[in-house]
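In what follows, a single structure is set out as structure tokens and then discussed.
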Amino acid sequence: MTNTQKHTDFYDNEGKPAWKAWLTTTDHKRIGLLYFYSLTVFFLVGVLLGLMMRFELISPGKDLVEAQTYNGLFTLHGVIMIFLFVIPGIPAVFGNLTLPLLLGARDVAFPKLNLLSWYLYIGGAILALSTLLVGDGPPDTGWTFYAPYSVKTGTNVSMAVLSAFILGFSSILTGLNFLTTIHRMRCPGMTWFRMPLFAWALYATSWIQLLATPVVGITLLMIVVERWLGIGLFDPVLGGDPVLYQHLFWIYSHPAVYIMILPGMGVISEIIPTFSRRRIFGYKAIAYASLAIAFIGYFVWGHHMFTAGMSGPARIIFSVLTFLVAIPSAIKVFNWLATMYNGSIDLKPPMLYALGFIFLFLIGGLSGLVVGALATDVHLHDTYFVVGHFHYVMFGGTGFAFFAALHYWFPKIFGRMYNIKHATRAFWLLFTGFNVLYFPMLVLGIMGMPRRYYDYLPQFQIPNVISTVGSWITVAGLIYMIVVIVKGIRNGEKAAANPWNGLTLDWQTDSPPTKENFDVIPTVTERPYEYK
Amino acid sequence: MVEQKPHIVEYLTNIYVWIALATLTIITIWVSEFDLKLLTVTVALGVASIKATLVLMYFMHLRFDSKILTIMVLVTMIVFLSLIVFTFFDYSYRS
Ligand code: HEM
Ligand SMILES: [Cu+2]
């Protein structure tokens, strides 16, 4: 390399062959990029499966695939999107890329463990995808693996479940790493309440990863034990209890939805003040709300089991507790709005995605209250209303926050800038397509169309056609966005170190940063976001 | 950065804890001779919890480390306990 610059950025392979330099790296930024590229691939596979399902549902009767294939499609779509995209999602990619930068540190606390997490992720992912190719066909249980069906079906459930088990370890180790990093690696002067809110969000998330994931790991192993050894844990025929499975599964999987959404909220809390040129409103309230959501989130899992034969008093208590989570979530939304009030708002792509997040998350959150209420859920459980609801939260919420983070930190990571005009257009296409795709699902659910079927009655056709057309617009928007991003990486204009005039530490270093992040470890003297 | 200060626990303390643990083990075995009905599990778990606490405090140095670590362990315990309580709350009302 003939580099005449004073210091080289973190893309420099230091004389090693590229594959080796990348696959053995312990640099948090490189590991973040490894996650970024692998997550993108799996996300696109998941989108493809979703597209096939929507195609099948364009009219009643068989259009594209058989019923059994459809069962495999929604299971793999769910497993991929949940375990390979939204759960690792923002922490693994943008947490890794930016947490040390935000804290003024040189790396995470355990760089080698960080690389191990990525290898576990890849191992789990390969196992999940190979259920397609080997054995008796992809699992057909839905991503929830409900017993006793998951114990009895002849499909490849054991393998899928083991892959989720391995992915769980990856998640736990990342959580452990970030917790230690936040406790031990903050730069001088960075007290807890001078930490950027994204770091706060990752902190709350890491606790959930650490404390909730082991529960699902053990539960999934119990399924394998029951399948292989015939020990009666969940199957009533063998003396087991299927409702116990649902308890154990949702003890993890409800907190897991906060693993998905909290980091997204953290990203939004970074973007809103930067593009409003305003100090964030209610810094402490947002920080505490993250912790409150994480904590209350442990005690609401029963809302997935209202119709599953849970006892009456338990149902009422879980419904009441569920409503409590709405409070800290609403606190955040109001604080973002108050931050924007009277600000000079700049509608660049990161801000557009952030506003898109708020809008879509609002629909997702409010429709969540509808299914969180005991009485209405009895009508809506297992209908398309639920499918609409969770896509608004997971795709409209976490997905859009992921895209917001990508457009926000893009110049920092790649040292270049994407084409703003085209990125803006891609946003509007994606945003429109999204609502055309998922809003009809909410309507279909209220009309009574059940989820997880490859067929439906003729009276449901019109909203289904609209939704399928929406899936095409959505995919067009995604492709447009990806083209803009790829072009930006390849030959976008060189970006300045701080193109958005951000005040957090990540913007006070080079773009792309050097291997060590900072020449001199910074000292912090005030809170973040002190825009004047 | 937080400085690591070495905390040397006296041999004697460790031996006392060891004797306490051994005694508690003997108690567990001895108690199992009696039929305590509903209390059987409570007593066994109670003694085990005391033992675990001793190990955490002395052998794993929680007593000598910064308070924040103790708080973390307690939060974890509380979450774990609540999960069990909520699950069994449902069961207690099912016929
Ligand atoms: C263009 C993108 C997408 C399309 C067209 C799509 C379509 C669908 C459809 C039609 C279903 C319902 C299947 C059924 O119940 O019969 C479904 C289920 C599901 N989707 Fe998506 N989806 C997309 C993106 C996403 C994303 C980004 C996520 C997560 C972040 C996601 C997570 C899920 C999950 C968890 C299920 C439930 C699977 C199950 O029932 O076990 N989807 N999707
Ligand atoms: Cu839930």
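The sequence lines fix the lettering, A, B, ..., with proteins before strands; numbering per chain opens at 1.
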Problem set entry | When P188(A), S311(A), G309(A) are compared by non-hydrogen pairs under 4.5 Å with chain B, the top option | S311(A)
Exercise. Got a sec: does the CH2 of W192(A) have more than 12 other heavy atoms crowding it under 6.0 Å?
Worked result: yes
Exercise. Can you name the residues of residues 31-40 of chain B that have some heavy atom under 4.5 Å away from a heavy atom in chain A?
Worked result: none
For this session: Find the one option among F295(A), W207(A), F318(A) whose heavy-atom pairs under 4.5 Å with chain B are most numerous.
Result: W207(A)
Exercise. Considering only heavy atoms, which portion of L179(A) lies under 4.5 Å from any heavy atom of chain B: side chain, backbone, both, or neither?
Worked result: neither
Problem set entry | Contact residues of residues 69-88 of chain B (partner chain A; heavy-atom separation under 4.5 angstrom) | M72(B), T76(B), V79(B), S82(B), L83(B), F86(B), T87(B)
Exercise. Minimum heavy-atom separation for P313(A) to Y93(B), with atom names?
Worked result: CG-CD2, 3.4 Å
Problem set entry | D90(B) side-chain N/O to M310(A) backbone N/O, donor-acceptor pair under 3.5 Å | no
For this session: Quick one: which of L210(A), V215(A), V243(A) has the most heavy-atom pairs under 4.5 Å with chain B, could you say?
Result: V243(A)
Problem set entry | Interface residue of largest heavy-atom contact number with chain B, from L244(A), I317(A), D241(A), I251(A), under 4.5 Å | D241(A)
For this session: Tell me the residues of residues 43-55 of chain B whose non-hydrogen atoms fall below 4.5 Å from those of chain A, in number order.
Result: none
Problem set entry | Closest-packed option against chain B by number of heavy-atom pairs under 4.5 Å, given G312(A), A314(A), G302(A) | A314(A)
For this session: Output every pair passing side-chain hydrogen bond (donor to acceptor under 3.5 Å, both in side chains) with a member in residues 99-112 of chain A, not counting sequence neighbours, ordered by first then second residue.
Result: none
